[in-house]
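Both ligands and their constituent atoms are indexed starting at 1 by order of listing. Side-chain atoms are counted along with the backbone in the values below, which use heavy atoms only and exclude waters and symmetry mates.
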Amino acid sequence: MRILVALGDIFDAENLISIESTQIAGISYKTIGDAGLEFLEDWSRSNAKVVVNSWMNPAGMDLEDWDKIGVPKEFADKQLRIIKALTDMEVNPSCSCAPYQIGLIPRSGSHIAWSESSAVIFANSVIGAMTNREGGPSALSSAIIGKTANYGLHLQENRIGQLEFEIDFETKDFDFSLLGYYIGEISKNKIPIIKGIKKASWDQLKAFGAGAAASGGVGMFMMPNITPDYEIIENPEKLNVTKRNLDQVQEKLSDGINPDVITFGCPHCSYEEIQYIVQNVKTKKPIWICTSKEIKKKFKKIPSNVKILSDTCMVVAPVKEMGITCIGTDSSKSAHYTQNLSKIKSVLKSREDLLRGD
Ligand code: F3S
């Protein structure tokens, strides 16, 4: 309660409001370390329990098959302690960053406290739920108290598009991730309005939002015919996006040449995405596909160079310690964090190019 009230004071919230669900990040031992592990075990020992439906973000490894991809044992032991502390508090060990594709779909207009930035932006912009970009500890506090401070994107008056981007070319799958990254970088923490996209699937919007939330502090975007509470300021500043802008993003996020492993699933892959990947693999390079347990279970027969990993991703797994020096990815978000968090090289290409081994 002290954490929530302190946040409310910082952001001038008038009150706390009830929430319907939480999605808690800061699960990987790679990102929270010993201090985070002790913090969670402390809370768990005090017998705290969540009072709303609460799901975990990805951990640092596949919770069952971690030894098959070379995760160090010491890392695995500490990761399993983190999961235990959270499950003892009754947080669902869903370990996915796309919970809305496996059953946690908030109601439009409902208040939630989610912390994975790609899930936050999706919930606000595509589903119409209301959440700020929570940190792991604040989302867990909200899970235990059932409330969050009423500020930012919980207030209708702050959910207004401020900066307009016009796209005048046809956007294909891979473009969505690059476009999100480009727009996020310019928008910083403003709400961008994106015009010129006629149609987009949830997978494409997922890729767009992840890119925008990774390069900027964007928590919400507005797209006509997609965002439920579409509202924009009068005469917003207007910017055009060209194909060249996207090529520049791709160049910037590709500092490697020859990936040791090709990765998909940032954010976590849907069933349809995995189906496409496994049916179109041409390369013999190792491929990791990151997804949830529920979706992983559905794939029994896959090419021999493909591993489907649940509960984790190429960013929060200890890839450097596993001897990987360069990853291939179709996600601007994973390329960004591969360079900046994992400190290894990345090659950012379209799914089709990666599958061909180009
Ligand atoms: Fe999800 Fe990991 Fe990307 S948590 S959004 S796959 S960095």
Side-chain angles (χ1 to χ4, degrees), residues 23-32 36 55-63 69 71 79 82-83 86 93-102 104 114-126 133-136 139 176-178 180-181 184 202-219 253 261-270 273-274 277 287-296 307-320 322 324 327-344 346 348 351:
Q23 192 268 355
I24 301 166
I27 306 297
S28 169
Y29 177 66
K30 171 175 166 179
T31 55
I32 66 170
W55 288 29
M56 290 182 212
N57 210 36
M61 60 189 201
D62 187 312
L63 298 180
I69 52 162
V71 173
Q79 182 62 73
I82 291 171
I83 301 295
L86 284 159
S94 51
C95 295
S96 178
C97 49
Y100 46 86
Q101 291 191 311
I102 49 167
L104 184 61
W114 285 19
S115 48
E116 158 54 38
S117 67
S118 68
V120 165
I121 196 168
F122 193 93
N124 279 317
S125 319
V126 181
R133 287 175 59 146
E134 298 291 344
F176 281 89
S177 182
L178 301 175
Y181 195 90
W202 269 31
D203 286 330
Q204 291 168 331
L205 294 166
K206 175 177 73 173
F208 174 86
S215 61
V218 183
L253 294 175
V261 57
I262 291 168
T263 61
F264 297 105
C266 176
H268 271 182
C269 279
S270 63
E273 287 175 305
I274 302 183
I277 294 165
I287 295 179
W288 293 356
I289 303 174
C290 303
T291 190
S292 59
K293 289 184 245 310
E294 289 78 356
I295 295 177
K296 177 184 173 181
K307 282 199 170 64
I308 300 183
L309 305 174
S310 62
D311 315 310
T312 188
C313 80
M314 65 302 272
V315 170
V316 298
V319 282
K320 203 170 181 179
M322 292 155 68
I324 293 167
I327 68 155
T329 176
D330 63 343
S331 157
S332 59
K333 174 171 181 173
S334 91
H336 172 95
Y337 283 110
T338 294
Q339 293 180 10
N340 296 303
L341 174 72
S342 303
K343 307 278 184 211
I344 61 168
S346 61
L348 176 60
R351 184 183 304 162

For ligand 1, which atoms have a heavy atom of [X] less than 4.0 angstrom away?
| X | result |
| --- | --- |
| G265 | 6 (S) |
| S118 | 5 (S) |
| C313 | 2 (Fe), 4 (S), 6 (S), 7 (S) |
| V315 | 7 (S) |

Query raised in the report: Mind checking whether K296 and D311 have side chains closer than 4.5 Å, heavy atoms only?
Result: no

Query raised in the report: So, do K320 and S342 sit near enough that their side-chain heavy atoms are less than 4.5 Å apart?
Result: no

Query raised in the report: Do you know which of I327, T338, T329 makes side chain to side chain contact (heavy atoms under 4.5 Å, CB included) with L348?
Result: T329

Requested in this report: With heavy atoms under 4.0 Å as the rule, classify the contact between E116 and ligand 1 as side chain, backbone, both or neither.
Outcome: side chain

Query raised in the report: Between C266 and ligand 1, which part of the residue brings a heavy atom under 4.0 Å of the ligand: side chain, backbone, both or neither?
Result: both

Query - Protein contact to atom 4 (S) of ligand 1 [nearest heavy atom, distance to 0.1 Å] - result: P58 CG, 3.5 Å

Query raised in the report: Identify the closest protein heavy atom to atom 1 (Fe) of ligand 1: which residue and atom is it, and at what distance?
Result: C97 SG, 2.4 Å

Query raised in the report: Parallel, tilted or perpendicular for Y100 and F122, by the 30°/60° rule?
Result: parallel

Query raised in the report: Distance from I287 atom CD1 to I277 atom CD1, nearest 0.5 Å?
Result: 8.0 Å

Report task. Enter the distance from D62:CG to Q79:CD here, rounded to the nearest 0.5 Å. Result -> 11.0 Å

